[in-house]
Structure formats: structure tokens, C-alpha cells
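Counting starts at 1 for both ligands and their atoms, in listed order.
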Amino acid sequence: MKSSELFERAKRLMPGGVSSPVRAIRPYPFYVTGAGGAYLRTADGEELVDCCLGYGPLILGHAPDVVRDAIEAQLAGGWLYGTPCPGEVALAERIAADHPSIEMVRFVSSGSEATMAAIRLARAATGRQDIVKIEGGFHGAHDAVLVKAGSGATTMGVPDSAGVVADLVAHTRQAAYNDPEALDAVLSSSEEIAALIIEPVMGNIGPILPKPGYLQEVRAITRDHDVLLIFDEVITGYRLGIGGAQVRYGVTPDLTTLGKIIGGGLPVGAFGGRRDLMEMIAPRGPVYQAGTFSGNPLTMAAGAAALGWLHDNLEIYSRFEKGTQTIGEACAGAGGSFVRLGSMFKYFFRPTAPANYTEAKESDTEAFRVFWEKMLRKGIFVPPSQFETNFLSAAHTDEIIEHIADAYSTCLSE
Ligand SMILES: *Cc1c(COP(=O)(O)O)cnc(C)c1O
């Protein structure tokens with residue numbers, strides 16, 4: 001059945017015809033029936049180079065042998081026990097070894113769950129109610145973090161979704177990215193702030209990169225104000241290298257949230273950090289957190305296989321740098337700005353690289369839409385939003401990267 005027909009059926013039963021809003025491409029999304037390596041196969045018989053990669057988890061590409069073998073080996077033994085399994089111990093050891101800041105970890109089933117629990121823990125540990133997030137930062141789809149970005153640094157939060165309790169998001173404050181003074185001002189304005197939650201490299205409106213020294217200043221300012229620092233590394237964890245942004249930039253948060261890559265492409269999340277904080281989590285401590293699918297053996301096996309492969313193939317990270325550099329060179333002179341870091345990249349339809357949410361929002365989204373359609377006609381799927389990061393995977397060969405670079409060059413110059 002063709003995508004258009006599937007979407008007609010889906011629309012009758014599913015809001016907007018989709019299971020997550022960003023997938024609602026107009027006039028209808030393409031349906032994917034299979035995937036391998038760097039490619040998606042659609043219900044309409046097309047083969048597309050995938051630069052979306054499930055919005056980040058698929059750092060090894062689609063259906064890599066190493067992860068598939070691990071999943072198959074676990075499948076034979078069942079995939080949900082409702083008890084601890086050896087795989088969760090192994091994955092916890094790996095994650096703790098890779099992140100000096102993570103002394104203990106709790107697995108959950110999504111990045112949203114991880115940030116929700118980390119915020120609850122920060123509130124419990126400090127006895128304070130407010131949190132600060134960065135304007136434009138995305139931490140999942142739960143109430144406390146669905147706050148309209150773009151409001152002034154010190155103003156109270158305004159809900160970004162209908163149905164969110166105003167009293168709750170009044171406890172979520174905002175500060176602009178790359179602006180240490182604004183952060184200091186927000187933290188100085190109140191004694192009630194438990195934590196700052198921040199994507200160290202903004203991945204959900206970008207990438208937007210930290211200015212030199214910014215993350216170090218964030219660490220110093222939060223420490224001065226005795227406010228916990230939560231790095232949301234759901235995208236950047238294992239994406240920017242082993243140990244994520246915190247190792248790359250040499251900054252130690254109090255708590256870290258992970259997801260995406262650590263599940264090898266299966267649903268996952270995790271949060272971890274200082275032992276004294278993590279020991280407040282139930283059943284060890286008074287902060288309740290639980291989940292039917294948490295630490296399930298299939299995800300643990302897939303995650304361990306993917307992370308093991310990255311450890312065995314560390315040169316992949318320099319190959320990623322070269323790959324996004326090649327694409328960036330192809331975009332030179334097109335009038336916009338190309339931002340890259342490791343395997344994360346994005347072409348912004350604005351003359352200079354944005355430093356924060358307000359600047360990113362100045363991009364020409366109509367120009368992006370035209371560009372996006374041209375790329376699709378050239379057989380390349382980039383995320384259908386000016387504000388979502390593009391990714392490369394280990395399955396993107398030099399030849400495929402040349403093909404992507406050519407497409408960027410052609411579609412931007414037309
Ligand atoms: C994707 C993402 C989340 C949410 O993760 P889900 O698994 O979709 O719930 C949270 N934070 C960041 C930085 C993300 O990129």
C-alpha cells in the first residue's frame with residue numbers, strides 16, 4: 001500500500017495521522033517499510049539516504065549486524081522479565097566508566113522520563129521548587145519542560161502546550177544560551193532554584209554550539225549559587241565522543257540524562273550522577289521512580305552492543321568530523337550558515353550561525369521548506385524542520401557523504 005493511502009487510513013484513527021508531531025510531513029509523510037545501513041526504503045518504492053537517523057539514536061546506521069546479532073541472541077531468551085537482568089549491570093558499568101560524573105545510574109524507557117526524574121531528584125535533594133532551562137532547549141514532552149522559550153530570562157514560564165498547569169510551569173524559568181550574565185541574573189533572582197537543565201550543545205534547534213568557555217562558566221555560576229547542574233545529553237551522549245559533551249568540554253555536571261544512542265535504537269533513557277544524589281532514588285531513598293520496561297533485556301543488549309562497537313572503532317569520531325566538514329564545504333557561498341560538530345550538522349537559512357534560540361528563530365523557514373523538498377527529490381531525507389539536527393552514521397560511507405554534499409550544493413544554488 002502506498003504512503004498516501006496509509007496516511008488516509010491513519011488520519012481517521014490517529015491525531016494528525018502520526019505517532020509523534022514532527023513526522024506529520026505535508027501533504028503526507030512517506031511510510032518506511034524497511035531500512036539498512038544509511039538507507040530507508042519507502043512504501044512507494046523509493047530509496048532515501050537517511051540524515052535523520054531516528055532523530056539521533058542510530059549512530060551505527062540502520063540494522064547494523066553487531067546490534068542485530070545482540071538483539072537476536074537475547075530474543076531467544078525472552079525480552080521482558082520484570083526482574084533484574086545481567087545486561088543492565090553491564091550497561092551501567094559501561095556508562096559509569098565512560099562518564100566520570102556518573103557514579104550511579106537508573107535506566108528508564110525514554111529521554112523524557114529521564115529528564116522528568118532528574119528534575120524531581122534535584123527538587124528533592126535541594127528542597128527547592130524552581131528549575132531553570134535554556135530558551136529553546138528540549139527535554140522531552142512532560143509538563144515541567146514544555147515552557148515557551150523566548151520569554152525573557154527572568155520572567156515566569158508560560159505553558160507551551162494546552163493542558164499544562166500554569167502553576168506548575170511558573171516554577172520553570174528561562175535563560176538564553178551562550179549568555180552567562182543572563183544565567184547569573186536568573187539564579188540571583190531567587191532562592192528557590194533547584195537546578196539548571198541544559199543541553200550542553202543545543203541539538204533540538206540546531207546544533208547551536210557553546211561559545212568558548214561558556215559551559216565552564218555555566219558550571220562555575222551554578223556552583224556559586226549552589227544550584228544543581230543537569231546536562232541533558234540525550235542527543236550528545238556518545239554522539240560527540242565517548243563521554244559526550246561533558247568529556248569533550250571537560251565540564252562535570254551533578255546529574256546527566258541520557259537516551260537515544262545508549263539503547264542501540266530501542267526505546268531507552270537513563271539518568272545518573274553523583275552518588276549522594278542518586279542514593280535518594282527509590283528504593284534506596286525517598287524519590288519515587290519506576291517503570292515496567294526499565295532496564296529491559298532487549299534494550300540493554302542492543303545498547304551494550306552499540307556502545308561496545310563505538311569503543312572498538314574510536315576512529316569513527318574523526319571520520320564523522322571529516323564527513324560533516326565535506327558537507328559544509330559544499331554549502332560554502334550559498335548565503336546561509338553551516339554549523340557542524342562531530343556527526344551533527346545543519347544548514348541555517350540565516351547569514352551567520354545562531355548563538356541562541358532567538359537567533360535560530362530568525363532563519364527563513366519558507367526557504368528551508370523549499371530546500372527540504374528538493375533534497376527529498378534528490379533522494380536525501382533530512383529532518384523536515386529548520387530546527388532539527390542532521391546526523392551522519394557509521395554507515396555513511398565517503399561515497400554517500402559525497403552524494404549528500406553534492407545534493408546540498410545543488411539544492412542550495414538552485
Ligand atoms: C530526544 C530528546 C529528549 C526526549 O527523549 P525521548 O526519548 O524522545 O523521550 C530529551 N532531551 C533531549 C536533549 C533530546 O534530544
Could you verify whether a donor N or O on one side chain and an acceptor N or O on the other, from Tyr347 and Asn390, lie under 3.5 Å apart?
-> no
Checking Lys361 against Phe387: charged group under 6.0 Å from the ring centre and within 45 degrees of the axis?
-> yes
Quick one: list whatever passes side chain to side chain contact (heavy atoms under 4.5 Å, CB included) with Glu191, sequence neighbours left out.
-> none
Just checking, is any N or O donor in the side chain of Arg239 or Ser343 under 3.5 Å from an acceptor N or O on the other one?
-> yes
Side chain to side chain contact (heavy atoms under 4.5 Å, CB included) partners of Glu93, counting only residues at least two apart = Val89
Name all pairs fulfilling the side-chain hydrogen bond (donor to acceptor under 3.5 Å, both in side chains) condition that reach into residues 272-286, sequence neighbours left out, sorted by first residue then second.
-> Asp254-Arg274, Arg274-Asp276
Contact set, ligand 1, heavy-atom distance under 4.0 Å, ordered by chain/number, equals Ser110, Gly111, Ser112, Phe138, His139, Gly140, Glu199, Asn204, Asp232, Val234, Ile235, Lys260
